[in-house]
Amino acid sequence: AMAGAAARGPRPCLLLPSLLLLLLLPAVSAEPELRFRPPAEAPVRLFTEPELARYDGHQEGQPIYLAVKGVVFDVTSGKEFYGKGAPYNALAGKDSTRGVAKMSLDPADLTHDTTGLTEEELKSLDDIFNNVYKAKYPIVGYTSRRILNEDGSPNLDFKPEDQPHFSIKDEF
């Protein structure tokens, strides 16, 4: 009888940990799902400079993007202005904030940098940003410079732009 009890003895001890594990497993796998809350709106797309450069209107069948004030607009519907060989193609595929403010296509002005712009240029920039780009073209994302801090950490003050007056109007 003693040998039988000894043989039976360790078995429950082996069973117990595996039973506990089975009980814990579903809880462990469900845990991340409970903590994860999908964002209220679609996640914001972040564009690095090389990524944005891919949408410069030179690739047939690709959308055409340009950024103003770090906001990336899909200007494909204005292909005759921003497409390959079109008058404003120089603005496409990059953040052209300074060029828009100065109404300049000078390569030196095709930058996000607004240092030294006059009051008039800054006012003109806001007018064009709101009344042309935000009114006519859908926002597809933001430049990494707009969403991230210098060190690459998320900019906690970032707020997506609203597009309340957005209406795809004909260009003509």
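Nothing here was measured: the structure is a model prediction, and the numbers come from that model.
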Restricting to side chain to side chain donor-acceptor pair (under 3.5 Å), what partner residues turn up for Glu49, sequence neighbours left out? Arg145
If Ile, Leu, Val, Met, Phe, Trp and Tyr residues are connected whenever their side-chain heavy atoms lie under 4.5 Å apart, and connections chain through other members, are Val100 and Phe47 in the same group? no
Do Tyr88 and Ile64 sit in the same hydrophobic cluster, where Ile, Leu, Val, Met, Phe, Trp and Tyr count as joined when their side-chain heavy atoms come under 4.5 Å apart? yes
Joint cluster assignment, Tyr65 & Tyr137, ILVMFWY side-chain distance < 4.5 Å: no
Step-by-step side-chain contact (heavy atoms from CB on, under 4.5 Å) determination, Lys134 to Asp162: CA-CA 9 Å; Lys134 272 179 77 169; Asp162 56 327; 3.5 Å; yes
To the nearest 0.5 Å, what is the distance between CD1 (Ile128) and CE (Met103)? 3.5 Å
Hey, is the main chain of Ala86 close enough, under 3.5 Å, to the side chain of Lys79 for a donor-acceptor pair? no
Gln62 side, atom CD; Arg54 side, atom CZ - distance, nearest 0.5 Å: 7.5 Å
May I have the step-by-step check of side-chain contact (heavy atoms from CB on, under 4.5 Å) for Val68 and Leu125, ending in yes or no? CA-CA 9 Å; Val68 181; Leu125 171 64; 3.8 Å; yes
Enumerate the salt bridge (charged side-chain N to carboxylate O under 4.0 Å, His left out) contacts for residues 114-125, please, sequence neighbours excluded, ordered by first and then second residue. Lys123-Asp127
Using side chain to side chain donor-acceptor pair (under 3.5 Å) as the criterion, list what pairs up with Thr76, not counting sequence neighbours. Asp74
I'd like to check the ring pair (Phe, Tyr, Trp, His ring centres under 6.0 Å) partners of Phe73; sequence neighbours left out, ordered by chain and number. Phe129, Tyr133
According to a 4.5 Å side-chain heavy-atom criterion applied to Ile, Leu, Val, Met, Phe, Trp and Tyr, with indirect links allowed, do Ile139 and Leu52 form part of one hydrophobic cluster? no
Please identify each residue that fulfils side-chain contact (heavy atoms from CB on, under 4.5 Å) with Leu46, with sequence neighbours left out. Thr48, Ser144, Ile147, Leu148
Search all heavy atoms of Leu117 against all heavy atoms of Ala101 and return the closest pair with its distance. CD1-CB, 3.6 Å
When you group the ILVMFWY residues by side-chain heavy-atom contacts below 4.5 Å and let the links chain together, are Val72 and Leu110 in the same group? no
Grab the two heavy atoms, one from Leu105 and one from Ala90, that are nearest each other, plus how far apart they are. CD2-CB, 4.3 Å
Flag, side chain of Asn89 to backbone of Asp56, donor-acceptor distance under 3.5 Å: yes
Listed by chain and number, what are the side-chain contact (heavy atoms from CB on, under 4.5 Å) partners of Asp109, not counting sequence neighbours? Arg98, Lys102, Ser104, Asp106
Find the distance between NZ (Lys159) and CZ (Arg146) and round it off to the nearest 0.5 Å. 10.5 Å
